[in-house]
> 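Before anything else, here's the structure in question.
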2 protein chains.
Amino acid sequence: MVTIKDIARAAGVSPATVSRALNDSPLLREETKTRIRHLAAELGYEKNELARGLVKGASGAIGLIIPDITNPFFADIARGAEEVARVRGYGVLLCTTEGDPELERSHLHLLRRKRVDGLLLTSVTAEDPYLEDLVRANVPFVLVSRLVRRLDAPFVVGDDRHGARLAVEHLISIGHRRIGFIGGPKDVQSSQDRMEAYQVALAEQGLPPRRGWAVFASFTQDAGREWGRALLSRKDRPTALFAANDLIALGVMEAAEEVGLRIPEDLSLVGYDNISYAALPRIQLTTVAQPTVEMGRIAAEYLLDVIDGSRRRKLRKVLRPHLVVRRTTAPPPSRADTRDLTTG
Amino acid sequence: MVTIKDIARAAGVSPATVSRALNDSPLLREETKTRIRHLAAELGYEKNELARGLVKGASGAIGLIIPDITNPFFADIARGAEEVARVRGYGVLLCTTEGDPELERSHLHLLRRKRVDGLLLTSVTAEDPYLEDLVRANVPFVLVSRLVRRLDAPFVVGDDRHGARLAVEHLISIGHRRIGFIGGPKDVQSSQDRMEAYQVALAEQGLPPRRGWAVFASFTQDAGREWGRALLSRKDRPTALFAANDLIALGVMEAAEEVGLRIPEDLSLVGYDNISYAALPRIQLTTVAQPTVEMGRIAAEYLLDVIDGSRRRKLRKVLRPHLVVRRTTAPPPSRADTRDLTTG
DNA sequence: TTGTACGCGTTATCAC
DNA sequence: GTGATAACGCGTACAA
């Protein structure tokens, strides 16, 4: 590999001058700058960011921690983040945790050893124990899509209460009165918020909560299938289900098919997130859309601002979701139909 | 940040000794090694990989270049790659090109500046001009899922001819005689192979190629929809379509719905790759399964072996795909049905 | 078995 | 304007 010393020798100047030329120092005269740059290009010089990082105390890379890149929700975030990192000349180190705190911990160490300049965190559950270490170590980071109440950390999230309300009100507006909810994990903030907003929205319309129609579960298709089966097998089953994310909704689709319920004729279904799955032909899931890619972008943009020292005010971004009505919601079956089905 | 000097001072030894202890040098006595290590842990020491990389000429990271992390096919590869990189202590720098050669080029430069130890390349079309630069620069790399004939580079691919044959033979075995094909880009090797194998498989069964039933397009849902519409609107439309990947197949699903054809009653459909979309409820696409995650794993494993200097023979892995029969294939409609539909 | 001294490629601080 | 020189944190010949 060619170094600035090689260029210096070839140009008949000192390494310092080469460095200045390459960094566009105002101290040099234009003429020498361009001359040296041409020479560098000719020799195929590539700056060594390891060396640069060593002296400047910055690596020019950020870490992105997610549970699973295969989950389209996180892939969207990754995409937004990578996009802005790229245009700002930063690298992004991909770290997947599989939801395992131990893996998260080891990734965090790897990233510190690599001296990443900042972190984008998504897989953070409420009790995540490593966050205080990060603030102690003074590593800039942003929480993406998951909020941690006990900490005063910068974040980008969606307005979960508003989103859940949109879902429930949509169902009510087309005539549903018997609306169930399958939630995410109990210890995740967004999960709690969606549950609460669901209950509030029902209450506002004078619809009493029905015992067993709303459950905490987990953000997976499996959970959706299992709980969907349970809820839909009840004698007094709901005519509509609001799923706390799209994966759960897909599980409910499976359950509905197993139980012999048609969507949307017999059962209306609303998801959350509007991941790529939701728009697929035949799925066509009505869902609450979060600007997921945008969340990744905003988080990365802020993080890099902080790193570059240009930003001061702490990021507290709450993005408004909106409802995307597709083909999994329709008015509930008439009473006759309902009787038919509940006895069947 | 605490350095080995700090530890040396605290331990009353020289920095060199600390370095040796941390790298488990056989020169040191166990006792001092463990003592120093404990001390390092206490002080919260984290090795500076920038400095280490500078002296060793290796960064401890590899680059992963893909067109789009949002595409489940590439997300699968990324997952496999990240998984093995993680256990072997390497970082992976995520680079997405959006299929733009210019972006690919700039990423390649960034990665060289970061002195990555190796590269995983997926978005490489046949004319990719940067590959020779890489071999010239002596950067280890592996081609994943895309083959470049003119170059003698290590690769992991699926056996596309075999896969395509599986698809076509399945369709023939359940009674289809009128089988169309919508391919990927003409300049991609796997695309060409699938097309050829499709034609060979037909010919072997004595089924003559029909003019206009087989087309090169691109690996996107849009392409599937457009070409699907075109092929399915013909008077002499096929009773089955083989799509060169699952995204195309999804587009065909849309087209079929537009045209009023039911799948699989009126039209059988086979995809390729078995991405996560294919297994979704209501999609349930019959498809040729590639071990995509495994491809990422194998590629990374080999790359890191090369980097560590433990591997010599060039990787030329061709993985066997298998057919996953789901619900988009069925025997063709009877002749009466066919007449009905073509006049409708 | 351990310490000394140097170099990895760059930037920054002095001089000139 | 430009050139020495000294860091940055670590690994490693060489010496002890």
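Protein chains get the first letters and strands the later ones, always in sequence-line order, with residue 1 at the start of each. These numbers were taken from a predicted model, which means no experiment stands behind them.
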> Would you tell me if any nitrogen or oxygen in the side chain of A/Lys5 comes within less than 4.0 Å of OP1 or OP2 on C/dT10?
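Checking A/Lys5 against C/dT10: no side-chain N or O falls below 4.0 Å of OP1 or OP2.
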
> Specify the separation, in whole Å, of atom CD1 of B/Ile7 and atom P of D/dC10.
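Atom-to-atom, B/Ile7 to D/dC10, this comes out as 8 Å.
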
> Nearest to the side chain of A/Val55, heavy atoms from C-beta on, is which of D/dC10, C/dC8, C/dT11?
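When the side chain of A/Val55 is considered, C/dT11 is the closest of D/dC10, C/dC8, C/dT11.
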
> Going through the distances and angles, do A/Lys314 and A/Phe155 end up as a side chain to side chain contact (heavy atoms under 4.5 Å, CB included)?
CA-CA 8 Å; A/Lys314 200 162 264 179; A/Phe155 60 80; over 6 Å; no

> B/Ser14 side chain: which of D/dT12, C/dT4, C/dT11 is closest?
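The answer is C/dT4, which lies nearest to the side chain.
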
> Both B/Ala51 and B/Gly12 contact DNA chain C. Taking the nearest nucleotide for each, which residue is further toward the 5' end?
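The residue whose closest nucleotide sits nearer the 5' end is B/Gly12.
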
> Picking from D/dG3, C/dT11, D/dC10, which would you name as closest to the side chain of A/Arg52?
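Looking only at side-chain atoms, A/Arg52 lies closest to C/dT11.
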
> Tell me what B/Thr3 touches on the nucleic acid: a base, only sugar-phosphate, or nothing, going by heavy atoms under 4.0 Å.
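The answer is sugar-phosphate, as B/Thr3 gets under 4.0 Å only of primed atoms, P, OP1 or OP2.
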
> Whether the side chain of A/Asn48 engages the backbone of A/Leu50 through a donor-acceptor N/O pair (distance < 3.5 Å, no angle test) should be reported.
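Between the backbone of A/Leu50 and the side chain of A/Asn48 there is a qualifying donor-acceptor contact (under 3.5 Å).
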
> Between P on D/dG9 and CZ on A/Arg112, what's the gap in Å once rounded to a whole number?
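So the two atoms are 14 Å apart, to the nearest Å.
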
> Using atom names, set out every protein N or O paired with an N or O of nucleotides 13-16 of chain D below 3.5 Å, distance rounded to 0.1 Å.
residue	atom	partner	partner atom	Å
D/dA13	N6	B/Arg20	NH1	3.4

> When you check the gap from the basic side-chain N to the acidic O, do B/Arg105 and B/Glu102 get nearer than 4.0 Å?
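Yes, this pair counts.
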
> For DNA chain C, whose closest nucleotide is more 5', that of B/Lys33 or that of A/Asn23?
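Its nearest nucleotide lies further toward 5', so the answer is B/Lys33.
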
> Rounding to a whole Å, what distance do you find between A/Arg115:CZ and D/dG9:C1'?
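Atom-to-atom, A/Arg115 to D/dG9, this comes out as 9 Å.
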
> Taking only N and O in the side chain of B/Thr32, is any of them less than 4.0 Å away from OP1 or OP2 of C/dT2?
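Affirmative; the distance criterion is met.
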
> Side chain of B/Ser19 only, please: which of D/dT12, D/dT2, D/dG9 is the nearest?
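Selected nucleotide: D/dT12.
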
> Report the nucleotide, chosen from C/dG9, D/dT12, C/dA12, that has the shortest atom-to-atom distance to any side-chain atom of A/Leu54.
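Per side-chain heavy atoms of A/Leu54, the pick is C/dG9.
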
> For the NZ atom on B/Lys5, are there more than 12 heavy atoms of other groups (residues, nucleotides or ligands in this structure) within a distance under 6.0 Å?
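Open.
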
> From NZ of A/Lys56 over to C1' of D/dA6, roughly how many Å is that when rounded to an integer?
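That distance rounds to 17 Å.
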
> Any Lys/Arg nitrogen of B/Arg37 or B/Glu42 sitting under 4.0 Å from an Asp/Glu carboxylate oxygen of the other?
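So B/Arg37 does not pair with B/Glu42 through a salt bridge.
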
> Under the salt bridge (charged side-chain N to carboxylate O under 4.0 Å, His left out) rule, what do B/Asp305 and B/Arg88 come out as? Steps first, then yes or no, please.
CA-CA 10 Å; B/Asp305 283 351; B/Arg88 296 183 59 160; 2.9 Å; yes

> Consider the side chain of A/Ile4, meaning its heavy atoms from C-beta on, and name the nucleotide among D/dG9, C/dT10, D/dT2 that approaches it most closely.
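Per side-chain heavy atoms of A/Ile4, the pick is C/dT10.
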
> Can a donor-acceptor pair be found, under 3.5 Å and without considering hydrogens, that links the side chain of A/Lys114 to the backbone of A/Leu93?
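Not confirmed, A/Lys114 side chain does not pair with A/Leu93 backbone.
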
> Separation of B/Asp24 atom CG from D/dT12 atom P, in whole Å?
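It is 13 Å, rounded to the nearest whole Å.
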
> Return the value, rounded to whole Å, for the distance between atom CE of B/Met1 and atom C1' of D/dC10.
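After rounding, the gap between these two atoms is 15 Å.
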
> Which of these nucleotides, C/dT10, D/dC10, D/dG11, is closest to any side-chain atom of B/Tyr45?
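Out of C/dT10, D/dC10, D/dG11, the nucleotide with an atom closest to B/Tyr45's side chain is D/dC10.
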
